[in-house]
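So the structure is just underneath, and the comments pick up after that.
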There are 4 protein chains.
Amino acid sequence: MPFESRRRARDEKRDAVLRTAVQLFLEQGYHRATLNEVAERLNITKPALYNYFRSKEEILFECWAIGQEQVDDFIAEINASDDNGLVKLRRLVRAYAENMATDYGASLVRFDPRDLSEKNSRIVRAAKRGIDRTFRKYIAEGMADGSIKPCDPKMTAFMIAGSLNWIGHWFQPGGELSAEAIAGEFALRLTEGLAARPARKRAAAAPAKRRRAGGGSR
Amino acid sequence: MPFESRRRARDEKRDAVLRTAVQLFLEQGYHRATLNEVAERLNITKPALYNYFRSKEEILFECWAIGQEQVDDFIAEINASDDNGLVKLRRLVRAYAENMATDYGASLVRFDPRDLSEKNSRIVRAAKRGIDRTFRKYIAEGMADGSIKPCDPKMTAFMIAGSLNWIGHWFQPGGELSAEAIAGEFALRLTEGLAARPARKRAAAAPAKRRRAGGGSR
Amino acid sequence: MPFESRRRARDEKRDAVLRTAVQLFLEQGYHRATLNEVAERLNITKPALYNYFRSKEEILFECWAIGQEQVDDFIAEINASDDNGLVKLRRLVRAYAENMATDYGASLVRFDPRDLSEKNSRIVRAAKRGIDRTFRKYIAEGMADGSIKPCDPKMTAFMIAGSLNWIGHWFQPGGELSAEAIAGEFALRLTEGLAARPARKRAAAAPAKRRRAGGGSR
Amino acid sequence: MPFESRRRARDEKRDAVLRTAVQLFLEQGYHRATLNEVAERLNITKPALYNYFRSKEEILFECWAIGQEQVDDFIAEINASDDNGLVKLRRLVRAYAENMATDYGASLVRFDPRDLSEKNSRIVRAAKRGIDRTFRKYIAEGMADGSIKPCDPKMTAFMIAGSLNWIGHWFQPGGELSAEAIAGEFALRLTEGLAARPARKRAAAAPAKRRRAGGGSR
DNA sequence: TATGAATGAGTATTCATTCAT
DNA sequence: AATGAATGAATACTCATTCAT
């Protein structure tokens with residue numbers, strides 16, 4: 001019992017350190033942010049941080065890892081569905097956009113992998129490639145299943161990812177645009193140009209509805 | 001004459017410093033890059049750099065300024081034209097994309113304004129807002145002149161700018177995609193969804209509109 | 001009874017700490033060795049060490065003290081005998097050599113008194129002087145009782161002590177030379193040059209003396 | 001010209017740093033000595049030291065290297081001679097003893113190789129083995145050429161080296177014993193017990209003299 | 001008695017910047 | 001215009017020690 005609660009307390013403090021650190025790193029940039037200030041904001045001393053992390057770099061990496069885990073989660077969920085390529089892409093865009101509006105999500109694009117150790121840097125770069133591949137895969141799937149019209153998957157993925165990543169730079173929590181609104185709008189607009197034209201003159205209702213679901217934004 | 005040539009030689013050296021610096025800053029990041037290494041690559045000594053610049057920060061700012069000047073130039077040129085909003089936007093996208101594929105262009109989005117002095121930081125942020133306004137202005141103009149269909153200028157500008165800025169992160173000079181090809185493709189794809197249906201044969205309203213909205217721009 | 005057993009258990013643990021510490025200090029050097037590692041090797045935690053010792057320095061001092069006690073013991077024993085100076089010296093060399101082959105013995109010469117508090121440092125230095133005095137005393141006694149031939153006690157003591165102390169640096173428990181063998185050999189060789197010519201056949205004075213001085217001791 | 005003098009000034013300052021450092025390291029021990037104090041004694045600032053050395057460890061290594069170089073030098077000189085084993089050994093003892101009375105010489109035995117980087121530590125350990133081998137070699141040579149009577153070269157070398165190394169711990173420059181006196185006495189005493197007994201009853205003068213030169217200490 | 005957590009003091013190192021030459 | 005040398009400010013990290021539980 002004391003062990004479990006100890007452990008929980010410890011994990012909570014660790015999380016608190018990460019939350020504080022990610023905010024500070026985003027605010028001031030990794031290099032300008034000092035562990036002293038992280039500690040000050042937590043009302044502890046600098047060496048206390050070393051109870052939870054081995055180095056500043058490890059903190060940076062953990063921040064990134066949390067954001068990446070969230071991405072991995074929703075990608076796994078989307079992969080598990082049997083939606084067509086266009087729908088998968090749309091779901092990815094929405095989820096990614098929402099993630100970009102969080103601290104940990106933004107850290108995915110605003111932290112510099114070169115600040116990490118070689119080992120961790122490799123992990124990060126591999127994960128980034130993985131995300132890129134997912135975008136391209138959904139686009140390719142969509143072209144294969146007819147939900148997306150022919151295009152260059154690589155460059156299209158870059159365009160979409162660029163728009164999304166940019167959110168991590170301009171989004172402000174208290175601003176006039178909510179994360180959900182942005183995510184919805186991005187999901188709609190970034191994919192509307194890709195939707196294959198519905199087969200003309202389809203009288204039936206249900207299929208039409210489906211079309212709307214798939215290409216409804218136009 | 002000797003004065004002029006002196007001055008020219010000086011300017012050339014200054015430019016050489018900037019070219020070396022911008023490359024190094026992009027390669028390693030501003031904080032990891034040392035003036036020592038800049039000097040080494042130029043086969044001069046570190047204090048020699050101070051003949052041309054007052055500080056490391058000034059070098060950073062000058063790199064940014066060169067990229068910004070290029071942007072200002074082509075924006076001025078586009079502004080001076082009497083193209084409609086859509087065409088202006090397309091021209092902006094193309095020019096901006098090409099610029100992103102250069103070192104100085106990439107520095108616009110890969111350098112962190114917080115590394116600058118307060119004064120210079122303000123200049124940079126103002127310029128960034130100016131670019132954003134330009135995107136929105138062209139979109140608004142397009143909506144006004146009928147070349148662009150109704151949309152939210154702010155978010156649309158963010159999407160386009162994000163795609164473009166991202167180029168500065170992934171473009172590699174020797175890669176399979178040339179800057180021109182990328183610029184062409186981006187100018188096409190990033191605006192096709194925005195183009196208002198051409199004025200011809202306006203009779204068939206509703207159905208046509210539907211179709212066009214989906215794939216009409218291409 | 002429970003009090004006594006408590007106390008005994010405590011002392012045993014204290015000893016275990018010292019045994020572990022002296023090994024680690026010898027292995028890695030006092031400064032590189034951390035109390036954390038001492039604790040780890042004992043499967044306890046660092047603060048637990050403070051139940052037995054007030055500081056790292058006290059541990060160091062206690063290690064030294066154990067080694068010194070052993071030296072004091074055999075010196076007392078030799079002092080109590082009525083051997084002549086040469087024999088006393090030989091016994092001292094043997095005992096000292098054997099002691100040098102133990103962890104606590106080696107700590108006498110491999111630990112740096114300057115790592116101790118001023119108070120303890122003085123104790124250590126006094127003890128070292130005491131050992132030195134003992135060597136000189138035996139030599140002087142030997143010269144007085146005719147068992148040792150004339151020499152400079154001070155420098156002779158330094159030579160012998162140096163050879164002996166060096167054992168603490170090169171001796172390895174599992175090596176080809178056993179502590180006993182080393183001690184025996186050292187006791188023999190380090191004193192053979194000092195032995196006065198045996199009293200027999202004193203007739204042939206000059207030439208004999210000459211010869212003996214050279215190789216006479218063996 | 002300015003280049004040469006610059007270089008010389010630089011080397012002199014480097015040497016001054018080493019002289020100050022070796023003294024301080026000997027006085028206080030490597031770990032207790034701070035670069036700050038080294039700098040203070042030189043009336044410069046700590047970072048200025050980094051103009052001459054890359055790290056504290058490098059300073060330590062350089063101190064050792066100077067002492068080692070002196071040893072290498074006189075070993076090379078002795079090796080080059082055609083003296084018999086006993087004479088070589090005696091010359092080695094004398095030179096080594098004198099070296100031990102210098103700061104750099106003492107640093108050979110009072111600095112801990114474990115404070116060095118793995119690379120430098122290996123160099124040091126190799127050099128130490130080399131010295132040991134030299135002692136044993138001279139002893140073996142002496143036994144082969146008849147100047148040294150049979151003994152165990154390994155243990156004999158340890159005894160002699162121990163006496164010599166100990167000088168580095170107790171010698172004090174201003175003390176009553178001069179380095180030369182010590183070296184002379186050590187050369188005599190540490191080898192007298194090893195000299196092979198001259199062939200008995202040698203009438204002839206010259207050979208006898210020779211004997212004296214070789215084994216004269218007995 | 002033992003522990004997890006926290007602390008404070010201390011140190012090597014880096015690097016932009018300046019200065020005398 | 002250029003350089004070698006020097007500086008000062010700043011920061012991550014270590015570890016013995018303490019304290020509340």
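In what follows, every chain begins at residue 1, and chains take the letters A, B, ... in the order their sequences are listed. Here the structure is a predicted model, which means the values were calculated and not measured.
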(message) Rounded to whole Å, how long is the line connecting atom OH of Tyr30(A) with atom C1' of dA12(F)?
(response) 10 Å
(message) Tell me which nucleotide, if any, is Watson-Crick or G-U wobble paired with dT3(F) when both distances must be under 3.5 Å.
(response) dA20(E)
(request) May I ask you to evaluate whether Asn51(C) reaches the phosphate of dA2(E), defined as a side-chain N or O under 4.0 Å from OP1 or OP2? (result) yes
(request) With the side chain of Ala48(D) defined as its heavy atoms from C-beta on, choose the nearest nucleotide among dT3(F), dA2(E), dA6(F). (result) dA6(F)
(request) Tell which nucleotide pairs with dG8(E), taking only Watson-Crick or G-U wobble pairs whose two distances are both under 3.5 angstrom. (result) dC15(F)
(request) For Glu57(D) and dT11(E), give me the distance from atom CD to atom P, rounded to whole Å. (result) 19 Å
(message) Any side-chain N or O of Arg10(A) below 4.0 angstrom from OP1/OP2 of dA5(E)?
(response) yes
(request) Return the nearest nucleotide to the side chain of Leu35(A); candidates are dT3(E), dG8(E), dA12(F). (result) dA12(F)
(request) Report the distance from atom CG of Leu49(A) to atom C1' of dT14(F), rounded to the nearest whole Å. (result) 14 Å
(request) Could you tell me whether Arg41(C) and Glu27(C) have a side-chain N and a carboxylate O separated by less than 4.0 Å? (result) yes
(request) Return the value, rounded to whole Å, for the distance between atom CD of Gln28(D) and atom C1' of dG10(E). (result) 15 Å
(message) Tell me the interatomic distance from Phe53(B), atom CZ, to dA2(F), atom P, rounded to whole angstroms.
(response) 13 Å
(message) Using a 4.0 Å heavy-atom cut-off, does Tyr52(B) contact any base of the nucleic acid, only the sugar-phosphate backbone, or nothing at all?
(response) sugar-phosphate
(request) Map Lys46(C) and Lys46(B) onto DNA chain E by nearest heavy atom, then report which one ends up closer to the 5' terminus. (result) Lys46(C)
(request) Please report, rounded to the nearest Å, how far the C1' atom of dT7(E) is from the CD1 atom of Ile44(A). (result) 11 Å
(request) Output yes when a side-chain donor or acceptor of Lys46(C) lies under 3.5 Å from a complementary backbone atom of Glu37(C), and no otherwise. (result) no
(request) Can you figure out which of dA6(E), dA5(F), dA16(E) approaches the side chain of Lys13(D) most closely? (result) dA5(F)
(request) Can you tell me the distance, in whole Å, between the CD1 atom of Ile59(D) and the C1' atom of dT11(E)? (result) 13 Å
(message) Using heavy-atom distances to pick each residue's nearest nucleotide on DNA chain F, tell me which of Asn36(A) and Asn43(B) is more 5'.
(response) Asn43(B)
(message) Does Lys56(D) qualify as a cation-pi partner of Phe61(D), given the criterion of NZ or CZ under 6.0 Å from the six-membered ring centre and within 45 degrees of its axis?
(response) no
(message) Classify the ring geometry of Phe111(C) against Phe25(C): parallel below 30°, tilted from 30° to 60°, perpendicular beyond 60°.
(response) perpendicular
(request) Considering only NZ, NE, NH1 and NH2 on the basic side and carboxylate oxygens on the acidic side, decide whether Glu118(A) and Arg125(A) come within less than 4.0 Å. (result) yes
(message) Taking any heavy-atom pair under 4.0 Å as a contact, classify Ala33(B): base, sugar-phosphate, or nothing.
(response) sugar-phosphate
(request) Tell me which nucleotide among dT3(F), dA12(E), dT14(F) gets nearest to the side chain of Pro47(B). (result) dT3(F)
(message) Starting the side chain at C-beta, find the nucleotide from dT17(F), dA12(F), dT11(E) nearest to Tyr50(C).
(response) dT17(F)
(message) Going by side-chain contact (heavy atoms from CB on, under 4.5 Å), Tyr104(C) matches just one of Glu69(C), Arg19(C), Gln68(C). Which one?
(response) Arg19(C)
(message) Can you tell me which nucleotide in dT17(F), dT7(E), dA12(E) comes closest to the side chain of Lys56(C)?
(response) dT17(F)
(request) Identify which nucleotide among dA12(F), dC15(F), dT17(F) has an atom closest to any side-chain atom of Thr34(C), counting heavy atoms from C-beta outward. (result) dC15(F)
(request) Figure out the NE2/P separation between His31(D) and dC15(F), and round it to whole Å. (result) 10 Å
